[in-house]
Structure formats: structure tokens, C-alpha cells
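Heads up, the thing below is written out as C-alpha cells.
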Amino acid sequence: MAVTARAPGTAEAGAPGRSARDTSSGRGPSASAARPPSGPERDTRVRRMLFAIGGTLAALVFVVPLLLALVRAGQPGDVVVAAPDGRFLDLSWVNFRLILDQPEIWRGIVNSVVVSVATAVLTAVLATLAGYGFAKFGFRGRGLLFGLVLVTLMVPFQAILTPLYLQMNAMRLTDSLLGLVLFYTTVNLPFCVFVMRNSFESVPGEIEDSAHVDGAGTLRMIVSVLRPLVLPGAATAALYAFLASWTEFLGALTFLTDSSLYTLPVSLVNLQQGAYGQVDFGLLAAGSVVAMIPCVVLYVALQRYYVAGLASGAVKG
Amino acid sequence: MSAPAVARPPRRRGTLTHPARTGLLLVAPAVAFVVVFVLVPLVSAVGISFTNLPLIGTWRFVGLENYASVLTDPVFWRAVGYTLLYTAIVTLPILALGYALAVVVRSNRRGATVLRTIFFVPYVIGLTTLSFLMLLEAQPNSGMVNVVLKSLGITDGSTAWLVDGPLATGLLCVMVIWAVSGLTMVLLMSGMQGIPREVYESAELDGASWWIRERSITIPMLRRTIAMTVVLSVIGSLLAFTQFYILTQGGPGSDTTTVVMAIYRRAFVQLQLGAATAMSLVLVVITGLVTAAQFWLLRERS
């Protein structure tokens, strides 16, 4: 089988299995030659089996630890720290009820939601405006300002932590959720501006011109005319900023000292280090799962935008 | 003036709908954020590093004292050494695993899309959350790491991973490699999908094996993408903080203290902001040099 598949005659049409599928869908074998390029493989039965087995095993390596996390979140604290026994799968919602009883943790959840949603919105709006400006407008200093934004991609905030802290302190933005939002927005902006500029550059100029003739102003242009065309880019920017700020740790740890403002990861680390009394590992597991779920749900729902944006931004950068 | 609309030059049309002032106004907010929260701190860092700035109280100019004390500080150099060791351990496995995963998911086979999603999920969840979960599974006797090793007969299951420097480092490296290879995968995959299929066909007709084709076609064509993924992962490793803070707090002693953690301690535990800022600038220089050196090395052979 492997030998026949390698016969020169089949090279053009791709793998036998594929061309058969294409024929049945009425497009004929030539359609498979026009498929998007897919790397060097041609399918043979052996390769398909290797793919199925290898892929399944690899998938288990990535999925099982996350399923285990869900199980841990359902175990009472004393089961989490005991060698596995008959109680291992006696799962309940008790840890999640404990979260509601522990103001430090649910306040952390609320703070994290507020901060990351605000960051996502602000980043998407600012990156959309700037992306439009950089892509479609010619003004003096455009290259310089765009370079300025891109250079900051190369200055990691971890490396300027202390001067940044002093700066935020001087602006009364430490111990403030607003300050954290502004900080996270800055961290995410360069990449998102880049993605948005690419989105706007791919919009043909005629669309804007006809809208302009109809009397649309700049903002109306973005909101009603260009929105459908650049929405994927804006979704990428918002999701990117949300995921980056939802469990960001070092900045939150540095800029917040008032415990009522702690975000979820900071309150979990306090829980872990015993700041809220004896450490309940079941509670810690449940808190971690709460931190995990929005990332997974949002990513799975919007991954097309996210992965494409990530690749285009990073590769072209 | 009297020319028909069709003949109107595109440049004039551009300035009509795109006045320069509007453009400047559109980019101004983003630029302002970057200036206020990145450039001003970066520039002021240089000034601060020449002072003894404490968190509270008055400051004075101390010249190069901070640099002298940082550069002769064994704690700082141990942190630098440890961070470089950690980076050296994880970089190649992240690239190799990311490449292998990309090979699996780059095809149009049924299931490739699902696998793509699955392999990338740990990266999306992030090291903060994964570190908390690892903390549970690294516990002696109860943690799944120990339970599995015990059932395989490798250990007796009572290993306290996080209070031993080398063991903690090993465990952290495995976790990080597992967690972040998805990013390398996504970037390499989109690079691989951009290579036209025809490029491979003559090699296939010549009977070149899979590995020969990867080595002589895919890898050379992806050189730039590979360089970029390596730079991204190296920079990420040099800036590592969260996973160490959560899992080991830099301990035992300062065995697993990274550079960023040393800076954090110096600034916010010992309250020596001047010295910490000097350390920060050393880190800025190190990350800059690494980026430059890697691009240079990886471009050399092309």
C-alpha cells in the first residue's frame, strides 16, 4: 500500500484517500491539488495510523493533567493531600461553596474580572484607533511613532519593574485597580497595535472612499463601515489582552498592597502561604480551576482569531 | 479640476479622506501609554540607578556605587547563573517539542485541528494557574507526580520536590516545557503551512526520506521563524519569575532564585530601589544582548 501511494502517478492528486473524498464531493481530483499546502506528508495507511496513535497519546499528555485539576477541585481538602484512596473520585461542590465563604478569594475573582475585562476593552479600543491611524493616515513622524511603539516590545516590563513602580507611585496609580488596568493595557498595546495595523492595511481604500463620499466621519468610519472587516483583529487584541492580564502575577504582586484589591492569583498565593489561616488545598485547587476555566472557554470559542492573529503578529514582527 | 473622477490621482484621494491631524489624533493615546509607562521609566531608571533611592526617606547621588555593589554581589551572580542554567535547560526541549507538535498538527488530516487546540491550551491557561496546580501534584505521597513515580517503582513516593534545589528545578523545567511548547508549535505550524507543497514534490520523487526532507527543505525555509520562536522562549526564560515564586519562593535558601526574583526582593523586601534598578538595567542589557546574539548566530548560516 505504501509503495503504490508513492508511485509518481499519484503525486499530483495527493493521497488516494483524499482524492476519493474530493471526488465524492463533486470537485474531482484536481481540487485536491489546489488545497492549501499542508507540509511534506502524503498520506499512507502507516502514516495515518502513526498520526492517530501518536496524536491520541500526545493529546492525553496535554489533557489528563487538566482533567486531574478538575478532579482536585471537586475533592475536599483532606483528600487532596492524602495518598489516593477510595475517596479519590468522591467529588462535590464543597470547595466552590468555600470560595463564596472566603471573601479574600471571591473578591480576588471579582477584581480579576474587572481588571481583565477593562484591560481587554481599553486595549482593543486604543489598538484599533492606533492601528487605523498607522495603516491609513500619512502624517509627519508616523514611522518614528510606530517604531517607538514597536521598540517597547523589546523592553520587557519585568526589567523596568522598579522605575515603573516609582512612576506609578508618583501618579498615585499603585494600590489602584485603574492603575493596574493602565499598566496591563500598556504591556499589551504594542503587539495589539501591530495586529490592528495589519488588519486595517488589508482593507481596500475604495471602501473608505465611498463611505467618505456618503459623509461618514472618522469614528463612524471605524464603527459602522470598517467594523466587519477589522472585527477579527479587534477580537484578537481583546482576547490577547484578557488572557495576558487575567492571571498576570508579577505586576499585580508589585503594584497592589491593599489586600481588598488583590487579583485572583495574588489572593491564591496568599491563601497558599497561609495568610488566611490554615491552607486548604481543596480551596486552592478550586480557585485555580476558576482561574483556568475562562481562559479555556474563551480560547476555544475564539481560537480562530487568536491563533491567526498571534501568528500574523509574531511572524511579521 | 475638470479632470474626470476616474483620473484623479490616488494620493490626493488619500489626503482627502485621511487628514494628517486625524491620524496623529488616532495614534496619540497608544503612543502616550507607551511613553508614560515604558519610555519614561526606562530613561529615569538610568538616573535612579546612580542614587541610593530607598522606598521611604530621602535620596542622594551615589555614582556607580549601586553598580559596584550589584556586580560584586554573590546573590545577584548566583541568580544570573541560575537563570542562565534554567534557560539552557528548557530552550532546546521547547523548540524540539514545539517542532514535533507542529509536524503533527500541520496537516489537513481529520483531528489535526482538535489536536492544535489541545496542545495550545496549557499556554493559554498560563504558568500562574499551572504553578498552583503543580503545587498540589508535587506534594509528598499525595501529589500525582509522586503517585505515578511510585507506581512505576521509580521512587517510594515520598519525594518532597519543592524543597530540594535540583529536584525543584527539574520539575519546574518539565512543567514549563509542557506548558509553553504550544506557542512554538503555533508559530512553526503557520510557517510550515506557508511552504508551497510543490517544493516537497521533487524531493519526494527522488525518494528522500521524511527526515531528509525536513532537514533540507522545512528547517532551512523556516530559519527565520525558528530564530524568532527561540528568541521568544529565551527571553521568556530569562524573565522567569511567577512559577518560581509560587512553587519554591526561590528556595531552598536562594538555590532557585531567578534574576527577576532577585530584583523584586532587593526592591520590595530589602527596599533598596537604587540597587534594584541597577540590577534591572543589567537585565535589560542582558536580554538585549541575547536577542542580538541569537539573531546573529541564526542568520549566519543562511
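The basis for the numbers below is simple: all heavy atoms, side chains too, and nothing from hydrogens, waters or symmetry mates. Lettering of chains follows the sequences in order, A, B, ..., and the numbering in each one begins at 1.
When the candidates A:Val63, A:Leu66, A:Leu253 are compared by the number of heavy-atom contacts under 4.5 Å with chain B, A:Leu253 comes out ahead. No other option in A:Ala82, A:Ala52, A:Gly141, A:Ala69 has as many heavy-atom pairs under 4.5 Å with chain B as A:Ala82. Your options are B:Thr113, B:Val35, B:Thr117, and the one with the most heavy-atom pairs under 4.5 Å with chain A is B:Thr117. Your options are A:Val289, A:Leu68, A:Val187, A:Thr185, and the one with the most heavy-atom pairs under 4.5 Å with chain B is A:Leu68. Ranking B:Thr277, B:Val147, B:Leu239, B:Ile217 against chain A, the residue ahead of the rest is B:Leu239, based on heavy-atom pairs under 4.5 Å. With chain A as partner, the option from B:Arg116, B:Met144, B:Met279, B:Gln139 having the largest number of non-hydrogen pairs under 4.5 angstrom is B:Met144. Chain A forms the most heavy-atom pairs under 4.5 Å with one residue out of B:Leu133, B:Leu238, B:Val114, B:Ile286, and that residue is B:Leu133. When each of B:Leu281, B:Asn141, B:Val43 is checked for heavy-atom pairs under 4.5 Å with chain A, B:Asn141 comes out on top. Per-residue counts of heavy-atom pairs under 4.5 Å with chain B were compared for A:Arg142, A:Arg140, A:Gln273; the largest is that of A:Gln273. In terms of heavy-atom pairs under 4.5 Å with chain A, the best-connected choice from B:Ser142, B:Gly126, B:Ala112 is B:Ser142. When each of A:Val81, A:Val149, A:Leu243, A:Leu298 is checked for heavy-atom pairs under 4.5 Å with chain B, A:Val81 comes out on top. Contact count versus chain B (heavy atoms, under 4.5 Å) is highest, among A:Gly54, A:Gly138, A:Ala159, for A:Ala159.
Proximity of A:Gln303 to B:Phe120: side-chain heavy atoms (C-beta onward) are nowhere separated by under 4.5 Å. With contacts defined as side-chain heavy-atom distances shorter than 4.5 Å, the pair B:Leu115/A:Phe51 qualifies. Within the 4.5 Å cutoff, the side chain of A:Leu126 has heavy atoms near those of the B:Phe33 side chain. When side chains are defined from C-beta on, B:Thr22 does not count as touching A:Phe139, because their heavy atoms never get closer than 4.5 Å. Under the 4.5 Å side-chain criterion, counting only non-hydrogen atoms from C-beta, B:Leu283 is not in contact with A:Ile160. Here the side chains of A:Phe137 and B:Pro19 are in contact, with some heavy-atom distance below 4.5 Å. A 4.5 Å side-chain heavy-atom check between B:Thr242 and A:Glu248 finds every atom pair outside the cut-off. The shortest side-chain heavy-atom distance between A:Leu145 and B:Leu24 falls under the 4.5 Å cut-off.
Using a 4.5 Å cut-off between heavy atoms, B:Leu183 contacts chain A through its side chain alone, with no backbone atom that close. Contact annotation for A:Val269: both backbone and side-chain heavy atoms come within less than 4.5 Å of a heavy atom of chain B. Interface residue A:Leu122: only side-chain heavy atoms are found under 4.5 Å from chain B. B:Val104 touches chain A through backbone and side chain together, each having a heavy atom under 4.5 Å away. Heavy-atom distances place the side chain of A:Leu189, and not its backbone, under 4.5 Å from chain B. A:Leu182 touches chain B through backbone and side chain together, each having a heavy atom under 4.5 Å away. Residue contact with chain B, scored on non-hydrogen atoms closer than 4.5 Å, is absent for A:Pro294. When heavy atoms are compared at a cutoff of 4.5 Å, A:Phe88 approaches chain B solely by way of its side chain, counted from C-beta outward. B:Ile48 touches chain A through its side chain: at least one heavy atom from C-beta onward sits under 4.5 Å away, while N, CA, C and O do not. In this structure, chain A has a heavy atom under 4.5 Å from the side chain of B:Leu101, while its backbone stays farther away.
Remark: the A:Ser288 side chain and the B:Thr129 side chain contain no N/O donor-acceptor pair separated by less than 3.5 Å. At a cut-off of 3.5 Å, with distance as the only test, no side-chain donor of A:Gln167 or B:Ser44 sits close to an acceptor on the other residue.
For the atom pair OG1 of A:Thr254 and CZ of B:Phe241, the computed distance is 6.5 Å after rounding to the nearest 0.5 Å. Here the CZ atom belonging to B:Phe132 is positioned 9.0 Å from the OG1 atom belonging to A:Thr247, to the nearest 0.5 angstrom. Between the CD atom in B:Gln272 and the OG1 atom in A:Thr162 there is a gap of 12.0 Å [rounded to 0.5 Å]. Rounding to the nearest 0.5 Å gives a distance of 5.0 Å between CG of A:Leu148 and CG of B:Leu39. Atom CE of B:Met261 sits about 12.5 Å away from atom CD of A:Gln158, to the nearest 0.5 Å. Atoms CZ and OH, on B:Phe268 and A:Tyr165 in that order, are 6.0 Å from each other to the nearest 0.5 Å.
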For B:Arg110 and A:Arg48, run side chain to side chain contact (heavy atoms under 4.5 Å, CB included): C-alpha distance rounded to whole Å, both residues' side-chain angles, the deciding distance at 0.1 Å, then the answer.
CA-CA 10 Å; B:Arg110 210 173 301 166; A:Arg48 274 199 299 270; over 6 Å; no
Evaluate the criterion side chain to side chain contact (heavy atoms under 4.5 Å, CB included) for residue pair B:Val121 and A:Phe62; output intermediate values, then yes/no.
CA-CA 8 Å; B:Val121 160; A:Phe62 282 80; over 6 Å; no
Between A:Tyr132 and B:Val27, is a side chain to side chain contact (heavy atoms under 4.5 Å, CB included) present by the stated rule, with each step listed?
CA-CA 8 Å; A:Tyr132 188 37; B:Val27 304; over 6 Å; no
Dump the intermediate steps for side chain to side chain contact (heavy atoms under 4.5 Å, CB included) on A:Leu284 and B:Leu136, then the final yes or no.
CA-CA 9 Å; A:Leu284 185 62; B:Leu136 305 176; 4.1 Å; yes
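The aromatic rings of B:Tyr245 and A:Phe249 are tilted relative to each other, their planes meeting at an angle between 30° and 60°.
In this structure, the side chain of B:Trp178 engages the main chain of A:Val61 through a donor-acceptor pair within 3.5 Å.
Here the shortest heavy-atom pairing between B:Leu135 and A:Gln272 reads CD2-CG, 3.4 Å.
For B:Tyr123, the OH atom sits in a loose shell: 12 or fewer heavy atoms of surrounding residues, nucleotides or ligands are nearer than 6.0 Å.
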